[in-house]
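To keep things clear, I will list the structure first and then write my remarks on it.
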Amino acid sequence: VSPYVLITPNKTRRNQLQQIAKKELDDLERWRQEHRPGPINLAPQRLGGKESEVQARQNQQMMLIQSKYQQKHKREEYVKAKKAAEEAEILKKKAIQREKAERLEVKKRQQEMQRREMFFEDQNYKTNELLNRLDLGLPKSDSSQTANRSPESTAWTRAHAYKEALREDENRRLEEMKQEQRRKAELMEFKQKQEEEARTRALQNEQRRVNNAFLDRLQKKTQPDSIYQPGYSGSMGYLNNSTWVS
């Protein structure tokens with residue numbers, strides 16, 4: 001067992017601490033009593049504003065309805081803006097795809113033109129070579145008209161004329177294609193115009209039918225029961241004349 005030391009309490013020190021604590025509590029309570037807030041004195045006044053309760057309720061209901069309409073309008077505007085943004089994005093993508101397709105088409109046309117030029121060059125080369133062989137192999141009696149010109153110049157002239165004929169044929173075919181495209185565009189425009197006129201006529205007929213139905217209902221309401229009978233198909237002029245005669 002470990003030894004320990006027992007210290008007896010100091011009653012004097014304890015009493016002093018208790019007295020100090022009691023004095024501090026008394027001082028705190030005295031300060032609270034001295035700084036207690038006094039009574040509030042307000043001048044009497046009428047509360048509730050200038051509107052009656054019924055009018056305030058009506059204004060509150062109107063503000064609630066307006067708030068609902070404003071929220072609905074905001075939602076519609078948001079949906080419209082979102083739809084417009086989506087359509088703009090779709091149009092942008094379509095424009096990009098159209099541009100890519102046009103570039104691809106231009107590239108294909110360039111490649112086709114290059115192939116045609118290479119084909120024409122090869123064909124011209126072979127044609128010139130054939131013409132050179134033919135000119136060199138002609139007898140002297142047949143070449144009397146070309147005595148002043150060399151075989152190379154004669155071959156070049158024929159090749160040049162052949163190339164010009166090919167170019168004219170190509171231009172002619174391109175012009176025919178343009179005219180065909182122009183005829184197609186005019187035909188499409190004519191069809192669209194006919195469809196628009198047909199839609200306009202259909203709309204006018206529908207409006208005329210609705211107006212006639214409205215006039216028929218109005219006529220049934222305004223005619224007396226003794227004159228109008230269900231299923232009667234007589235004219236209004238006859239009814240008016242018979243009424244005046246009677």
Side-chain angles (χ1 to χ4, degrees), residues 1-111 114 188-189 192 195-196 198-200 202-218 220-222:
V1 179
S2 61
Y4 63 92
V5 179
L6 180 61
I7 300 174
T8 58
N10 191 350
K11 294 182 179 181
T12 304
R13 179 64 178 169
R14 181 185 296 175
N15 293 333
Q16 290 178 356
L17 293 175
Q18 289 179 353
Q19 290 177 2
I20 292 171
K22 185 175 181 302
K23 183 177 181 301
E24 290 179 354
L25 290 174
D26 293 340
D27 294 339
L28 178 61
E29 184 66 24
R30 191 181 304 107
W31 184 88
R32 287 180 179 177
Q33 292 295 332
E34 291 176 356
H35 293 82
R36 179 182 297 176
I40 300 174
N41 297 323
L42 296 176
Q45 58 182 353
R46 185 176 180 180
L47 302 177
K50 298 181 180 179
E51 297 179 353
S52 62
E53 183 180 359
V54 177
Q55 190 175 1
R57 296 288 184 185
Q58 291 178 356
N59 293 337
Q60 185 179 8
Q61 186 70 17
M62 186 64 66
M63 290 176 64
L64 181 62
I65 294 173
Q66 290 178 358
S67 177
K68 289 182 179 180
Y69 278 113
Q70 288 177 359
Q71 291 178 359
K72 182 179 179 182
H73 181 68
K74 287 181 180 180
R75 286 195 299 268
E76 291 178 354
E77 291 294 332
Y78 174 75
V79 171
K80 288 181 180 179
K82 185 177 180 181
K83 186 176 180 181
E86 291 177 354
E87 291 179 354
E89 186 68 21
I90 292 173
L91 291 176
K92 183 179 179 181
K93 291 181 179 179
K94 287 183 178 180
I96 293 173
Q97 294 296 330
R98 191 181 301 110
E99 186 178 357
K100 290 182 179 179
E102 290 177 356
R103 287 201 300 267
L104 183 61
E105 185 68 22
V106 171
K107 186 176 180 181
K108 287 182 179 180
R109 289 179 182 176
Q110 291 178 355
Q111 292 177 355
Q114 290 177 358
M188 185 177 296
E189 184 179 358
Q192 290 179 355
E195 292 176 357
E196 185 67 24
R199 285 195 296 268
T200 304
L203 181 60
Q204 292 177 354
N205 293 332
E206 181 65 19
Q207 291 178 352
R208 191 179 297 109
R209 185 186 65 80
V210 173
N211 294 333
N212 292 333
F214 174 74
L215 293 175
D216 291 339
R217 289 196 300 270
L218 187 63
K220 291 177 182 178
K221 290 181 180 179
T222 54

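Just so it is clear, the model here is predicted, and its values are computed rather than measured.
Of the possible donor and acceptor atoms, one in the side chain of T200 sits under 3.5 Å from a partner among the backbone N and O of E196.
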Is there a side chain to side chain contact (heavy atoms under 4.5 Å, CB included) between K68 and K72 once you walk through the steps? CA-CA 6 Å; K68 289 182 179 180; K72 182 179 179 182; over 6 Å; no
Show your reasoning for whether side chain to side chain contact (heavy atoms under 4.5 Å, CB included) applies to R209 and E206. CA-CA 5 Å; R209 185 186 65 80; E206 181 65 19; 2.5 Å; yes
Given the rule in the side chain to side chain contact (heavy atoms under 4.5 Å, CB included) test, do L203 and N205 qualify, once you have shown the distances and angles that lead to the verdict? CA-CA 5 Å; L203 181 60; N205 293 332; over 6 Å; no
Stepwise side chain to side chain contact (heavy atoms under 4.5 Å, CB included) test for Q66 and Y69: CA-CA 5 Å; Q66 290 178 358; Y69 278 113; 5.7 Å; no
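Residues Q33 and R30 bring no donor and acceptor atom of their side chains to less than 3.5 Å of each other.
Remark: Q111 CD is packed, more than 12 non-hydrogen atoms of other residues, nucleotides or ligands lying under 6.0 Å away. The number of heavy-atom neighbours closer than 6.0 Å to CZ of R103, taken from other residues, nucleotides and ligands shown, is above 12. Residue R13 qualifies as open at atom CZ: its count of foreign heavy atoms under 6.0 Å is 12 or below.
The CG atom of N211 lies 12.0 Å from the CG atom of L218; values are rounded to the nearest 0.5 Å. Rounding to the nearest 0.5 Å places CD1 of I90 at 13.0 Å from CD of Q97. Within the model, atoms CE of M62 and CD1 of I65 stand 5.5 Å from one another, a figure rounded to the nearest 0.5 Å. For the atom pair NZ (K22) and CG (N15), the distance works out to 13.0 Å, reported to the nearest 0.5 Å. Rounding to the nearest 0.5 Å places NZ of K11 at 8.0 Å from CZ of R14. In this structure, N59 CG and L64 CG are separated by 12.5 Å, a value rounded to the nearest 0.5 Å.
For the side chain to side chain contact (heavy atoms under 4.5 Å, CB included) test, residues two or more places apart in sequence or in another chain that qualify with N212 are R208.
Using a 4.5 Å heavy-atom cutoff, the side chains of L28 and D26 are not in contact.
K220 has no carboxylate O lying under 4.0 Å from a charged side-chain N of D216, or vice versa, which leaves the two without a salt bridge. Ion pairing between E105 and R109 holds under the 4.0 Å rule for side-chain N and carboxylate O.
Of the candidates E34, E29, H35, W31 forms a side chain to side chain donor-acceptor pair (under 3.5 Å) with just one, namely H35.
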